[in-house]
Amino acid sequence: MARAVSVHEFVGLGLYSTTEVARLLRLRSRNINRWVNGYRYKRNDEVRHIEPLLPPDIPKVESDDQTVLSFRDLIELRFVGAFLGIGIDLRTIRDCLNYARDCIGVDHPFSSAQFRTDGKTIFLMSVEKLGEPRLLDLKRKQYAFKRSIETSFRDLDIDGDSVVRWRPYHGKKSIVIDPARSFGQPIASASGVPTVALVEAVKAEGSVPKVAAMYNVERSAVRDAVKFHGELIAA
């Protein structure tokens, strides 16, 4: 019999479906599912299995097929999306991730403070290990990779060696994703009110000032919440 799981076990981890992660990262749900669960495909009548790129931080419950991702998974997948966006292929990202795990000694190395400082070196060493630097146009790729790391960390808050918060709306402090608050859902940072609640209230009331007064939050935070969710829908 599967062990009963208490919601309190996940406090501080953040809880997300693959669909929520895809929406927050502006990525395809199908890709997120493949990266965290692996997948099978058939070639020449042979079924092949691709191992997960990032096995989920939270183990699956035996009686439930749904994949639940943590805040650390979310941030790690954000880096995967950023690296793909600058033209680094998935095979190279996988090799870099595995190499970084060995170098840094953690399961989620991309979102560590050490990767922030040593990421370029780890990338170069992993590419050298692959033995295909010419195919990667190495000089251009290493520069893009370093810039991508710098840009990605710009809206992340680090405590010790780990990322503890993400400011997802253009790095503004008004909205934060913090696994220690509201299970990692986007909230107005000063008040802790979920942004989705502010957006729904604006739809119902038709007034930003009225909603700001109702929830005792700054009007600017309400406006940012509306714009943030508007961008998520439009992505």
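Counting from 1, the numbers follow the sequence of the chain as shown. Small disclaimer: the values here were computed from a predicted structure and weren't measured.
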Original post:
Is there side-chain contact between Gln185 and Pro194, with at least one heavy-atom pair below 4.5 Å?
Top reply: no
Original post:
Got a salt bridge between Glu231 and Lys227, using NZ or NE/NH1/NH2 to carboxylate O under 4.0 Å?
Top reply: no
**OP:** Evaluate the criterion side-chain contact (heavy atoms from CB on, under 4.5 Å) for residue pair Val217 and Leu198; output intermediate values, then yes/no.
**Re:** CA-CA 10 Å; Val217 299; Leu198 296 175; 4.2 Å; yes
Subject >> Arg101-Asn98 side chain donor-acceptor pair, cut-off 3.5 Å >> reply: yes
Original post:
If you count the non-hydrogen atoms of other residues, nucleotides and ligands that lie under 6.0 Å from CD in Glu205, is the total more than 12?
Top reply: yes
**OP:** Decide whether Leu54 and Phe71 are clustered together by the hydrophobic rule: side chain heavy atoms of Ile, Leu, Val, Met, Phe, Trp, Tyr closer than 4.5 Å, transitively.
**Re:** yes
Original post:
Between Arg165 and Asp155, is there a donor-acceptor pair closer than 3.5 Å when you use the side chain of the first and the backbone of the second?
Top reply: no
Subject >> Minimum heavy-atom distance Pro186-Phe228, with the two atoms named >> reply: CB-CE2, 3.8 Å
**OP:** Answer yes or no: is there a donor N or O on one side and an acceptor on the other, between the side chain of Asp95 and the main chain of Arg91, under 3.5 Å?
**Re:** no
Original post:
Out of Ile177, Thr67, Ile32, which one pairs with Tyr16 under the side chain to side chain contact (heavy atoms under 4.5 Å, CB included) rule?
Top reply: Ile177
Subject >> Contact summary for Ile158 and Gly160, nearest pair of heavy atoms >> reply: CG2-O, 3.5 Å
**OP:** Any chance you could measure Ile86, atom CD1, to Ile149, atom CD1, to the nearest 0.5 Å?
**Re:** 8.0 Å
Original post:
So Phe110 and Phe115, would you call those rings parallel, tilted or perpendicular, with 30° and 60° as cut-offs?
Top reply: tilted
**OP:** Please confirm whether the backbone N or O of Phe145 pairs with a side-chain atom of Ser148, one donor and one acceptor, at under 3.5 Å?
**Re:** no
**OP:** Show the numbers, then the answer: is there a side chain to side chain donor-acceptor pair (under 3.5 Å) between Asp89 and Thr92?
**Re:** CA-CA 6 Å; Asp89 65 82; Thr92 303; 2.9 Å; yes
**OP:** Let me know which of Val80, Leu77, Asn31 forms a side chain to side chain contact (heavy atoms under 4.5 Å, CB included) with Leu25.
**Re:** Leu77
Subject >> From CA spacing to verdict: side-chain contact (heavy atoms from CB on, under 4.5 Å), Trp166, Leu156 >> reply: CA-CA 5 Å; Trp166 174 27; Leu156 299 175; 3.7 Å; yes
Original post:
Short question: side chain of Ser126, backbone of Phe123 - any donor-acceptor pair under 3.5 Å?
Top reply: yes
Subject >> Gln114 side chain vs Gly119 backbone, donor-acceptor pair below 3.5 Å >> reply: no
**OP:** Please check if Tyr215 and Val196 belong to a single hydrophobic cluster, counting links between Ile, Leu, Val, Met, Phe, Trp and Tyr side chain heavy atoms closer than 4.5 Å.
**Re:** no
Original post:
Taking everything shown except Met214 itself, do over 12 heavy atoms lie less than 6.0 Å from its CE?
Top reply: yes
**OP:** Establish, for the pair Arg48 and Tyr41, whether the NZ or CZ atom is under 6.0 angstrom from the six-membered ring centre and no further than 45 degrees off its axis.
**Re:** no
**OP:** Measure across Ile175 and Tyr169 and return the closest heavy-atom pair with its distance rounded to 0.1 Å.
**Re:** CD1-CB, 4.1 Å
Subject >> Atom CG of Asn216 with >12 non-hydrogen neighbours under 6.0 angstrom >> reply: no
Original post:
Are Ile104 and Leu124 grouped together when hydrophobic residues (ILVMFWY) are joined by side-chain heavy atoms under 4.5 angstrom apart?
Top reply: yes
Original post:
Is Asp57 reaching over with its side chain to a backbone N or O of Asp73, donor-acceptor style, under 3.5 angstrom?
Top reply: no
**OP:** Look only at the side chain of Asp178 and the backbone of Ala180, and say whether a donor-acceptor pair between them is shorter than 3.5 Å.
**Re:** yes
Original post:
Within the distance-only criterion (no hydrogens, no angle test), does the side chain of Thr151 pair as donor or acceptor with the backbone N or O of Arg147 below 3.5 angstrom?
Top reply: yes
Original post:
Nearest heavy-atom pair of Pro56 and Leu69: which atoms, and what distance?
Top reply: CB-CD2, 3.9 Å
Original post:
Are Ile93 and Val106 co-members of a hydrophobic cluster defined by side-chain heavy atoms under 4.5 Å apart?
Top reply: yes
Original post:
Yes or no on salt bridge (Lys or Arg N to Asp or Glu O under 4.0 Å) for Lys173 and Asp157, after CA distance, side-chain angles and deciding distance?
Top reply: CA-CA 11 Å; Lys173 294 181 179 180; Asp157 295 333; over 6 Å; no
Original post:
When rounded to the nearest 0.5 angstrom, what is the spacing between CZ in Arg154 and CZ in Arg116?
Top reply: 9.5 Å
Original post:
When you measure from the side chain of Arg78 to the backbone N and O of Leu24, does any donor-acceptor pair fall under 3.5 Å?
Top reply: no
Original post:
Ser17 and Gln66: which non-hydrogen atoms are nearest, and at how many Å?
Top reply: CB-NE2, 4.0 Å
Original post:
Given Lys172 and Asp224, is the side-chain contact (heavy atoms from CB on, under 4.5 Å) satisfied, shown in steps?
Top reply: CA-CA 9 Å; Lys172 295 184 69 172; Asp224 284 349; 3.1 Å; yes
Original post:
How far apart are the closest heavy atoms of Ser111 and Glu76, and which atoms are they?
Top reply: OG-OE1, 2.8 Å
**OP:** State whether the number of non-hydrogen atoms from other residues, nucleotides or ligands found under 6.0 Å of Asp161 atom CG is greater than 12.
**Re:** yes
**OP:** Mind checking the CZ-OG spacing from Arg72 to Ser162? Nearest 0.5 Å is all I need.
**Re:** 7.0 Å
